[in-house]
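Data first, discussion second: the structure below is written as C-alpha cells.
Note that the numbering runs from 1 along the sequence shown for the chain. As a basis for the values below, the full set of heavy atoms in this structure was taken, side chains included, without hydrogen atoms, waters or symmetry mates.
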Amino acid sequence: MTAVEQRFREFKMPDVGEGLTEAEILKWFVAPGDTVTDGQVVCEVETAKAAVELPIPFDGVVHELRFDEGTTVDVGTAIISVDTDPGAGEAAPQAAPAAGEAVAEAPAAAPESEEKEGRQANLVGYGAAPASTKRRPRKPLPSAQRSAPAPSAAAPAPQAPAPAPAPARPEAAPELNGSGRPARPLAKPPVRKLAKDLGIDLETVTPSGADGIITREDVHAAAEAVQAARETPVAAPATAPQGAAPQGRERRVPVKGVRKATAQAMVNSAFTAPHVTEFVTVDVTRTMKLVSELKQDPELAGLRVNPLLLVAKALLVAIRRNPDINATWDEGNQEIVYKDYVNLGIAAATPRGLIVPNIKDADAKTLPELASALGELVGTAREGRTSPAEMSGGTITITNVGVFGIDAGTPIINPGESAILAFGAVKLQPWVHKGEVKPRQVTTLALSFDHRLVDGELGSKVLADVAAVLERPKRLITWA
C-alpha cells in the first residue's frame, strides 16, 4: 500500500441488514473539509428494511463525498473519502520545487486556488478537472490522484516534457451539454435534497450562483414556477393523443427502499405460499370494557393500553394452545421448522412504506411488559428508526386494519412465517346477547395461513381461540 493510499481512506457502503445489496443515501451529516472521528455518524441511509445511521470507523478530514443525497448505492461501494493525515498535504508543494514537477503539484494546490477563486470544493460532482474525470464508484483513484505530488516527487522528471497532463483539462468537455451548461447540474447536497423533496428536476433549473451553481433560491423559484403553471387554466389540446393524461396531473415516484422490498416480498409470498383465509365475527364488548379498566390500573400507568394489546395477548394464548401454528416452511431443506418462541410481528404503516418489526420472545412477557414493548415498537416505527434487526426473525404477525375503519381483509403472510391475523374495526352493532338483540361492540378477525404446513383444522382452532379470548377475556387467566 502506497503512502497516498494509507493517507486517504475510503468508507464503503456496509451491509447493514441480512444480505442487502444496496441502500439509498438519505442525508449527509458532514461535508468536505469537516473533521470526523472514529464512531461519528456521517450519513443516514435507507435500506430495503429501514433507515440506518452509519458511523465512520476512523479519524480524519472529509476529502470527498462520492454520492449525492437520494442516490442508491451498491453495498461495498466507497461513499466517502477521508484524509487521515491532512497535514501532509500542506508540506507536499515544498518537497518538489523542480520546474518539471509544477504540473504534478497542481492537484495538491487545487483546494487553495479554488478558495481564492471563490469556487466551492465541497460540491459533489465538480471541482478540479482531474478529480471530476475520475469521480466514479468502486475506484479509489480520485483520492490518490489528489495527493500524488508528495510520493511521486522522485519520478516526475521523465514526464516533465511530455504533454500528458494537458489533456486532463479537455476531458472536462463531456461535462458540458449543448447549451454550454454542465451536463450534471452543480448543487450542494442540501440543495439536491430540497429539489428532490419539491419534485424539481435540477436539469430544468437555471443556476444563479458563481460557476453555475444552483442555489436554494433557484430551486424555490423553479418550484413556484411549476406551481403557477399548474394553477393556470389550460385549454384541452385538440391534438392530444386519445387517453393521454393532461400535463401536470400525474407524478412518478421511483420504486425503491422499503416500498420496493415490501412489493417483492408480498409477490414472493403470494405466489409461493398457498394462502387460505378464514373469518370470524365476535362480540368484544367485555374486552373493550377491560381495556378501559386497565387504562386506570397503576401497574400499567404510562403504558400503551389499547384493544391491540389484548388481541396480541389473545393470539399468544392461542399459539400456546396450538403451538404448531408457530412454524415456517424451509423449501431448501424440505422441512417444517417448529419454533418454541414467538417473535410477534406488528405491521406498521410508515412514511417509507409498510414494515413489520417484531417483539422478541413476546410469549414470555407479562401484560405490562408486552404493553411496554408494543409502545416502543410503534413509536420507533413512526419515527422511521426501526433497525433491520427489529424486523428480522418474526414468527407470526398481526395487522391492525381496524385503525383505518376497515372491517376485514385477506392479509398476505409475511415471508418466513406461517400465519397473519388481521384485526378489524370495533363497531357498535345489534347483536343477540342472552336471547335479546342488544347493541354490542363487535369486530371481525381474519387469519391467513400457509396451507402447506397449516391445515384447515389447525387454522380454525387458532382463530376460534383468539375469538373466544376476546369474547370472554377472563380466559387470559383460565387458559394461561
Side-chain angles (χ1 to χ4, degrees), residues 50-51 282-321 326 341-352 354-406 411 414 417 420-428 441-443 445 465-480:
V282 58
D283 176 4
V284 293
T285 304
R286 293 184 179 90
T287 288
M288 298 304 292
K289 181 179 179 181
L290 178 58
V291 169
S292 299
E293 293 174 353
L294 291 175
K295 288 181 178 180
Q296 308 302 320
D297 193 321
E299 296 293 329
L300 296 170
L303 298 179
R304 187 183 185 88
V305 178
N306 55 21
L308 179 61
L309 173 62
L310 294 188
V311 171
K313 196 65 176 177
L315 178 58
L316 292 172
V317 169
I319 293 172
R320 186 183 302 117
R321 289 166 55 86
N326 191 45
Y341 60 91
V342 181
N343 290 345
L344 181 62
I346 304 295
T350 73
R352 292 189 176 96
L354 178 68
I355 63 174
V356 188
N358 60 77
I359 300 172
K360 309 298 184 188
D361 295 314
D363 55 316
K365 297 185 181 298
T366 64
L367 189 65
E369 291 172 342
L370 187 63
S372 177
L374 185 60
E376 292 176 4
L377 179 148
V378 173
T380 302
R382 287 178 176 174
E383 294 172 1
R385 299 297 178 185
T386 304
S387 68
E390 292 173 310
M391 290 186 285
S392 62
T395 63
I396 196 166
T397 295
I398 296 175
T399 177
N400 185 9
V401 298
V403 295
F404 305 109
I406 303 301
N414 202 35
E417 301 176 8
I420 179 172
L421 177 70
F423 173 36
V426 178
K427 298 181 178 179
L428 193 64
Q441 299 281 355
V442 177
T443 191
L445 304 173
D465 280 356
V466 174
V469 171
L470 294 178
E471 184 177 14
R472 294 183 179 275
K474 70 178 181 179
R475 292 190 170 106
L476 289 172
I477 300 174
T478 59
W479 286 2

Kindly determine whether M391 and T386 satisfy side chain to side chain contact (heavy atoms under 4.5 Å, CB included), including the steps that lead there. CA-CA 8 Å; M391 290 186 285; T386 304; 3.7 Å; yes
Decide yes or no for L421 and V311: does some side-chain heavy atom of the first lie under 4.5 Å from some side-chain heavy atom of the second? yes
For residues 465-480, the side chain to side chain donor-acceptor pair (under 3.5 Å) pairs (sequence neighbours left out) are R321-D465, N322-D465
Rounded at 0.5 Å granularity, tell me how far CG in L374 sits from CG in L344. 8.5 Å
Side chains of L310 and L367, heavy atoms from C-beta outward: is any pair under 4.5 Å? yes
Of all the heavy-atom pairs spanning P473 and L290, show the shortest one and how long it is. CB-CD2, 3.7 Å
Which pair of heavy atoms, one from P368 and one from L303, lies closest together, and at what distance? O-CD1, 3.5 Å
With side chain to side chain donor-acceptor pair (under 3.5 Å) as the test, would you mind laying out the steps for E417 and T397 before giving the verdict? CA-CA 8 Å; E417 301 176 8; T397 295; 2.7 Å; yes
Which heavy-atom pair separates V282 from A467 by the least distance, and what is that distance? CG2-O, 3.4 Å
Looking at CD1 of I406 and CG of N400, how far apart are the two atoms once the value is rounded to the nearest 0.5 Å? 11.5 Å
Heavy atoms only: give me the nearest L370-A312 pair and the separation to one decimal. CD2-CB, 4.2 Å
In Å and rounded to the nearest 0.5 Å, what is the CG to CD1 distance from L316 to I398? 7.0 Å
Check the pair F423, V401 against side chain to side chain contact (heavy atoms under 4.5 Å, CB included), reporting the backbone distance first and the verdict last. CA-CA 6 Å; F423 173 36; V401 298; over 6 Å; no
Would you list the pairs meeting side chain to side chain donor-acceptor pair (under 3.5 Å) in which at least one residue belongs to residues 285-300, sequence neighbours left out? D283-T285, T285-R440
How far apart are the closest heavy atoms of V466 and A318, and which atoms are they? CG2-CB, 3.7 Å
Counting N and O atoms only, with roles assigned by atom type, does the side chain of D363 sit under 3.5 Å from a partner on the main chain of V342, one being a donor and the other an acceptor? yes
Could you walk me through whether L428 and Q441 satisfy the side chain to side chain contact (heavy atoms under 4.5 Å, CB included) test, starting with their C-alpha distance in whole Å, then the side-chain angles of each, then the deciding distance to 0.1 Å, before giving a yes or no? CA-CA 5 Å; L428 193 64; Q441 299 281 355; 4.1 Å; yes
Smallest separation among heavy atoms of A381 and I355, with atom names: CB-CD1, 4.0 Å
Report the distance from atom CZ of R320 to atom CG of L315, rounding to the nearest 0.5 Å. 11.0 Å
Quick one: does any side-chain atom of T380 pair with a main-chain N or O of R385 as donor and acceptor, under 3.5 Å? no
To the nearest 0.5 Å, atom CG of L300 lies from atom CG of L309 at 7.5 Å
Find the distance between CD1 (I420) and CD1 (I396) and round it off to the nearest 0.5 Å. 9.0 Å
